Amino acid sequence: MLYSSRSWYPYECPFCRIWGIERPDQGTKQRDIIFQNDKVTAFIAGKWWPNNKGHVLVVPNQHFENIFELPADYAVEIHRAAQLTALAMKSTYGCDGISTRQHNEPAGNQDVWHYHLHVYPRYVNDQLYLTNGSPSDPEERALYADQLRSWMKENI
């Protein structure tokens with residue numbers, strides 16, 4: 001159990017659970033992971049936008065709440081993993097482009113208190129910023145993860 005530095009209440013970090021016990025009814029699964037090294041993990045996100053399925057989150061393996069706490073050596077690895085993910089998406093998804101997003105603190109729209117970088121496949125007129133996300137199906141996530149993981153194995 002972790003505590004957010006912005007609050008007094010206990011906070012169970014969903015991203016720190018990735019390295020713990022998998023919950024069958026919720027959260028990230030081991031098979032969602034597409035890339036991992038000693039500093040970072042990249043995985044298919046559990047929340048999807050309707051026209052941008054298979055987006056990826058890149059997180060540090062150590063708990064840092066936001067960009068203000070993130071050491072530079074972790075930032076380098078996060079962006080290396082994001083670049084590899086972008087290359088893999090372009091190759092396997094056939095997307096037209098890539099967007100990255102990162103949020104900090106409540107006013108910055110942060111909703112999980114563990115630093116994370118979103119990597120979205122983008123398509124012409126996909127309306128990413130005009131739609132809302134919803135929970136994804138673990139079986140469908142696995143299909144996207146398999147594609148990206150295969151690309152990673154062949155290209156790095």
Side-chain angles (χ1 to χ4, degrees), residues 1-89 93 95 97-122 126-145 148-149 152:
M1 182 100 30
L2 295 173
Y3 292 84
S4 167
S5 65
R6 305 281 178 242
S7 66
W8 57 269
Y9 61 90
Y11 176 71
E12 184 180 355
C13 178
F15 297 155
C16 287
R17 266 198 318 248
I18 294 167
W19 304 282
I21 297 171
E22 197 173 278
R23 293 184 179 179
D25 59 337
Q26 63 180 330
T28 300
K29 311 296 180 223
Q30 290 298 304
R31 67 184 182 183
D32 295 334
I33 296 172
I34 64 160
F35 175 83
Q36 190 168 42
N37 65 23
D38 62 325
K39 292 202 184 282
V40 303
T41 299
F43 55 91
I44 301 292
K47 185 177 182 182
W48 283 6
W49 275 249
N51 302 315
N52 308 87
K53 292 182 175 185
H55 100 271
V56 169
L57 295 176
V58 183
V59 303
N61 294 343
Q62 186 174 333
H63 187 89
F64 301 106
E65 188 167 299
N66 53 40
I67 200 166
F68 306 111
E69 296 178 2
L70 186 70
D73 57 331
Y74 281 83
V76 168
E77 287 300 314
I78 287 165
H79 280 276
R80 178 177 168 262
Q83 181 183 40
L84 289 170
T85 299
L87 291 165
M89 284 178 173
Y93 293 1
C95 53
I98 300 292
S99 287
T100 59
R101 291 169 80 171
Q102 200 277 314
H103 307 279
N104 297 281
E105 298 183 324
N109 206 29
Q110 183 176 7
D111 61 356
V112 175
W113 302 105
H114 185 126
Y115 178 94
H116 56 286
L117 178 68
H118 296 260
V119 183
Y120 289 94
R122 296 301 305 274
D126 64 16
Q127 301 185 330
L128 173 65
Y129 301 115
L130 300 175
T131 59
N132 294 315
S134 60
S136 62
D137 176 355
E139 295 303 318
E140 193 174 4
R141 285 198 312 262
L143 300 172
Y144 286 86
L148 297 178
R149 202 172 28 255
M152 296 279 186

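In what follows, every heavy atom counts, from backbone to side chain, and hydrogens, waters and symmetry copies are set aside. Please read all numbers here as calculations on a predicted model, not as lab measurements.
Partners of Ala81 by side chain to side chain contact (heavy atoms under 4.5 Å, CB included), not counting sequence neighbours, listed by chain and number: Phe35, Val40, Val58. The side chain to side chain contact (heavy atoms under 4.5 Å, CB included) test applied to Val112 returns Tyr11, Pro14, Phe15, His114, His116, not counting sequence neighbours. The side chain to side chain contact (heavy atoms under 4.5 Å, CB included) check on Asn109 picks up His103, with sequence neighbours excluded. Partners of Asp137 under the salt bridge (charged side-chain N to carboxylate O under 4.0 Å, His left out) rule, at least two apart in sequence or in another chain, do not exist in this structure.
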One pair to check against salt bridge (charged side-chain N to carboxylate O under 4.0 Å, His left out): Arg31 and Glu139. What are the steps and the verdict? CA-CA 10 Å; Arg31 67 184 182 183; Glu139 295 303 318; 2.8 Å; yes
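Formation of a donor-acceptor pair under 3.5 Å by the Asp32 side chain with backbone atoms of Ala145 is not found in this model. Side chain of Asn52 to backbone of Pro121: a donor-acceptor contact under 3.5 angstrom is found.
Within 6.0 Å of the CD atom in Gln83, the count of heavy atoms belonging to other residues, nucleotides or ligands does not exceed 12.
Summarising the geometry, atom CE belonging to Met89 is positioned 10.0 Å from atom OH belonging to Tyr120; distances are rounded to the nearest 0.5 Å. Taking OG1 of Thr100 as the start and CD1 of Ile78 as the end, the distance is 12.0 Å to the nearest 0.5 Å.
Sorted by first and then second residue, the salt bridge (charged side-chain N to carboxylate O under 4.0 Å, His left out) pairs involving residues 76-85 (not counting sequence neighbours) are Glu77-Arg80.
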Pairs of donor and acceptor atoms involving the side chains of residues 44-51, under 3.5 Å and at least two apart or interchain, shall be tabulated with distances.
{"unit_1": "Trp48", "atom_1": "NE1", "unit_2": "Ala45", "atom_2": "O", "d": "2.8"}
{"unit_1": "Trp49", "atom_1": "NE1", "unit_2": "Thr131", "atom_2": "O", "d": "3.3"}
{"unit_1": "Asn51", "atom_1": "ND2", "unit_2": "Asp126", "atom_2": "O", "d": "2.8"}

